[in-house]
Engineer: 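One structure is given below, represented as structure tokens, and several questions about it will come after.
To find a chain, count down the sequence lines: A is the first, B the second, and so on, and within it residues start at 1.
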2 protein chains.
Amino acid sequence: MKIKKEVTIYDLAKELNYSPSTISRALNNHKSISKKTIKLIKEAAAGMGYRPNNLAAGLRNNKSNTIGVLISRINRPFMASLISGIEETARKAGYNVLISQSNDMYENEVSNCNALYDSRITGLIVSLSMETVDMAHFQKFIDQGIPIVFVDRVPDNFNSYKVVIDNYTAGYSATKHLIDQGCTRIAHFAGAQHRNIYEERKKGYLDALRESGLPIRDELIIHFKTLSFEEGNKATKKLLKMPEPPDGIFSANDTAAVSAIMCAKKMGVEVPQELAVIGFNDDPIASIMQPSLSTVSHPASKMGAISAKRILNHSGQNYDADLTEITVLGTEIIVRDSSLKRTRMLRSKTS
Amino acid sequence: MKIKKEVTIYDLAKELNYSPSTISRALNNHKSISKKTIKLIKEAAAGMGYRPNNLAAGLRNNKSNTIGVLISRINRPFMASLISGIEETARKAGYNVLISQSNDMYENEVSNCNALYDSRITGLIVSLSMETVDMAHFQKFIDQGIPIVFVDRVPDNFNSYKVVIDNYTAGYSATKHLIDQGCTRIAHFAGAQHRNIYEERKKGYLDALRESGLPIRDELIIHFKTLSFEEGNKATKKLLKMPEPPDGIFSANDTAAVSAIMCAKKMGVEVPQELAVIGFNDDPIASIMQPSLSTVSHPASKMGAISAKRILNHSGQNYDADLTEITVLGTEIIVRDSSLKRTRMLRSKTS
DNA sequence: TAAAGGTACGCAATCGATTCCGTTGATTAT
DNA sequence: ATAATCAACGGAATCGATTGCGTACCTTTA
């Protein structure tokens with residue numbers, strides 16, 4: 001297979017009897033080039049199949065019009081939506097998106113971080129791995145003035161842009177909702193407590209209980225490692241076998257909540273009558289399963305878009321100037337069947 | 001914020017009294033550099049915080065150790081898994097992954113294609129948009145010897161690497177399964193017929209009917225545009241209101257299948273007793289919903305991994321040499337509750 | 001011991017786009 | 001009429017890594 005010679009600005013220069021400088025300026029709409037010349041050059045460029053070489057431009061400018069994304073896993077509904085939001089916003093501004101997943105391992109996060117750095121990305125968007133505690137691998141970006149936006153799973157000992165939801169309020173509201181439904185023994189599926197999103201959700205849970213005068217029972221608070229389906233299954237089985245089982249569960253994610261509901265069904269415990277459940281994330285599954293899962297909705301795609309705008313804004317594009325350092329987005333309690341004790345008679349199509 | 005000067009191979013050269021050539025060769029383990037020197041240089045590089053500049057290397061080599069991915073949408077379970085598989089494989093080989101989504105629009109596909117080309121990617125992995133018919137925008141990659149791997153939604157008028165599943169057999173088997181369950185009036189939710197994956201699935205459906213001596217009824221074959229939830233809802237409603245409604249549905253994706261089940265429930269039609277349903281993709285939702293959805297499983301992540309290996313292999317890495325031009329992967333019929341008429345009494349926990 | 005071979009490195013061009021300084025000719029101001 | 005201004009463009013260095021060719025020195029062989 002023969003490889004066609006690529007067309008460069010030098011080829012254009014020779015063809016049109018201009019200098020490469022003029023070609024470059026024309027293609028970038030530089031003001032010191034006449035409109036006529038610009039039009040001429042652009043048409044010739046298109047005609048000859050010229051395509052800019054981002055590597056060359058990037059080398060010269062020491063940046064690549066590329067946003068790097070560093071997350072735990074792509075194939076999770078929240079993450080996929082987040083990336084989608086990032087990509088859409090970046091693309092509109094002419095930026096590319098480099099992705100990498102850590103699989104929640106610190107070591108991978110570090111090496112991916114380096115790989116993205118080596119590509120001279122314009123900015124970095126990060127959702128921390130479960131394991132990450134030390135933040136040293138991010139320092140080199142700061143040293144180079146490369147903006148970092150932490151999303152969702154953010155550090156609290158590192159100063160940078162952050163885009164988060166109000167996890168405390170969300171946790172509080174979710175728990176309050178269960179209390180309003182008449183639950184008095186509410187369990188909590190808590191995530192890893194060194195990730196502050198889970199810490200905040202738990203705090204909200206605790207405060208809601210306190211405020212309502214309900215006792216806090218340690219045996220009803222289960223600390224998960226990954227909030228997986230399997231973990232949820234185990235935890236639920238254990239809870240429901242207790243002499244005084246819980247009558248409600250607030251899970252820090254939907255996956256574990258779903259497993260709880262399915263486990264309860266298997267054990268003959270009726271949801272929501274005997275056990276009300278509310279999850280977190282509003283995964284697609286939540287609205288489809290039976291009973292449909294009450295949950296807290298995350299504006300994932302929007303968070304991605306905002307994060308991307310942060311990067312673009314930082315590079316002086318002033319894309320959306322009224323963004324603050326830390327962006328806190330609101331959440332929404334989505335009430336579905338899995339938590340509806342009180343109004344059950346009115347809407348339940350289950351059982 | 002002051003920006004630290006980056007360390008280059010020239011800085012290392014000056015510091016260690018070697019030439020830049022030697023530094024470069026040492027860092028790349030070139031054989032003409034002594035082990036001692038390599039060790040010395042690498043240690044100094046690490047100590048001084050040297051980080052390679054991919055842009056410079058890429059410019060020189062005219063490629064960027066980056067795999068470009070061009071898909072319709074990221075936040076679909078299949079696509080997310082596909083990307084995940086690509087990323088994992090690419091990362092292991094030291095490659096980065098650039099993503100872009102077309103949102104199923106031809107125009108976006110073309111411009112994203114150009115953007116990826118401009119970044120001098122090593123190879124391109126594509127799942128075509130619903131709209132795409134003309135393939136001219138891919139030609140420039142071929143002209144430059146840049147490999148393209150089409151995945152899942154592939155063209156049939158363009159010669160390149162392809163990674164697909166056996167859609168015909170899958171469609172045949174899915175339909176046959178419904179027939180085996182005693183269905184005689186089987187409807188088909190068909191995807192856009194200019195995308196051959198949907199064409200093949202339909203062919204399989206038709207042949208299964210023919211082979212079993214069942215009549216083909218055009219009114220039971222619904223052609224969808226996007227196989228969305230809404231479309232599925234409408235189609236199901238229409239079907240179930242027919243004087244002789246179908247007793248089975250083979251849907252070309254899970255989303256529409258789910259909508260069919262939910263619509264049937266609402267209309268008081270029992271699944272699977274009165275209407276057996278089988279979908280396609282094995283989305284996470286399939287195993288969770290009630291009744292659980294029978295479906296055809298796609299090895300999405302594996303398809304991504306294979307596609308990535310194609311690219312790596314093409315660049316002379318000989319990563320996995322026994323891959324053929326077109327890779328056809330098998331599928332699996334996952335039988336769950338939504339299609340189980342015959343053995344219902346034995347396993348159903350529903351109703 | 002002289003020729004041959006090998007080891008370990010250096011020189012300088014190269015990749016393509018950008019940009020700081022000019023320069024030229026034309027127009028305007030005084 | 002002459003200086004000053006300006007529009008429109010060109011020259012050449014620059015970004016950092018790679019690599020073909022060349023060279024100095026050392027070892028081996030006949």
Engineer: Surrounding NZ of A:K42 (heavy atoms of other residues, nucleotides or ligands, distance under 6.0 Å), is the total greater than 12?
Structural biologist: yes
Engineer: Quick one: ring-ring contact (aromatic ring centres under 6.0 Å, His included) partners of B:F141, sequence neighbours excluded?
Structural biologist: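 B:F141 satisfies ring-ring contact (aromatic ring centres under 6.0 Å, His included) with B:Y117 once adjacent residues are dropped.
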Engineer: Regarding B:N53, tell me which of base, sugar-phosphate or nothing describes its non-hydrogen contacts under 4.0 Å with the strands shown.
Structural biologist: sugar-phosphate
Engineer: Calculate the interatomic distance between A:Y10 atom OH and D:dA12 atom P; express it in whole Å.
Structural biologist: 12 Å
Engineer: Check every strand shown and say whether A:S32 touches a base, only sugar-phosphate, or nothing at a heavy-atom separation below 4.0 Å.
Structural biologist: base
Engineer: Determine whether B:Y161 and B:P147 make a side-chain contact, defined as any pair of heavy atoms from C-beta on separated by less than 4.5 Å.
Structural biologist: yes
Engineer: Suppose we screen for side chain to side chain contact (heavy atoms under 4.5 Å, CB included). Which residues come up paired with A:A305, at least two apart in sequence or across chains?
Structural biologist: A:T89
Engineer: Specify the angle, to 10°, made by the local axes at the two ends of the helix from C:dT1-D:dA30 to C:dT30-D:dA1 when five pairs are taken at each end.
Structural biologist: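 Here the helix ends are tilted 40° relative to one another.
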Engineer: Less than 4.0 angstrom from a charged side-chain N to a carboxylate O is my criterion; do B:R120 and A:E6 meet it?
Structural biologist: yes
Engineer: Taking side chain to side chain contact (heavy atoms under 4.5 Å, CB included) as the test, write out the residues that go with B:Y106, two or more places apart.
Structural biologist: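 With neighbours one apart ignored, the set is B:V110, B:E131, B:T132, B:D134, B:H137.
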Engineer: Can you list, in residue-number order, the parts of residues 13-30 of chain B that come under 4.0 Å of DNA chain C, counting heavy atoms only?
Structural biologist: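 Heavy-atom cutoff 4.0 Å gives B:N17, B:Y18, B:S19, B:S21, B:T22, B:R25.
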Engineer: Could you tell me which residues satisfy side-chain hydrogen bond (donor to acceptor under 3.5 Å, both in side chains) with A:S160, sequence neighbours excluded, listed by chain and number?
Structural biologist: none
Engineer: Could you pull out all residues at least two apart from B:S19 that satisfy side chain to side chain contact (heavy atoms under 4.5 Å, CB included)?
Structural biologist: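 By the side chain to side chain contact (heavy atoms under 4.5 Å, CB included) rule, B:S19 matches B:S21, B:T22.
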Engineer: Strictly below 4.0 Å, heavy-atom distances to any atom of DNA chain D: list the hits from residues 39-47 of chain A, or just say none.
Structural biologist: none
Engineer: Return the 5'-most residue of the pair B:L59, B:K35 with respect to DNA chain C, ranking by each residue's nearest nucleotide.
Structural biologist: B:K35
Engineer: Considering only residues two or more places apart or on different chains, which pairs with a residue in residues 74-86 of chain B satisfy side chain to side chain donor-acceptor pair (under 3.5 Å)?
Structural biologist: A:Q101-B:S84
Engineer: Check for a donor-acceptor pair, side chain of B:N114 on one end and backbone N or O of B:S111 on the other, with a separation under 3.5 Å.
Structural biologist: no
Engineer: Determine whether more than 12 heavy atoms belonging to other residues, nucleotides or ligands lie under 6.0 Å from atom NZ of B:K140.
Structural biologist: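 Yes, enclosed.
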Engineer: Is a side-chain donor or acceptor of A:T122 paired with a backbone partner of A:I311 at a separation under 3.5 angstrom?
Structural biologist: no
Engineer: Going by side-chain hydrogen bond (donor to acceptor under 3.5 Å, both in side chains), name the residues that satisfy it together with B:H30, two or more places apart in sequence or in a different chain.
Structural biologist: B:S32
Engineer: Inspect the contact between B:D104 and B:R153 and indicate whether a charged nitrogen and a carboxylate oxygen are less than 4.0 angstrom apart.
Structural biologist: yes
Engineer: First contact, last contact: which nucleotides of DNA chain C are these for chain A, 5' to 3', heavy-atom distance under 4.0 Å?
Structural biologist: C:dG16 to C:dC21
Engineer: Please list, pair by pair, any protein nitrogen or oxygen found under 3.5 Å from a nitrogen or oxygen in nucleotides 26-28 of chain D.
Structural biologist:
none

Engineer: Would you say CD of A:Q139 has more than 12 non-hydrogen atoms from neighbouring residues, nucleotides or ligands within 6.0 angstrom?
Structural biologist: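 Buried by this count: over 12 neighbours within 6.0 Å.
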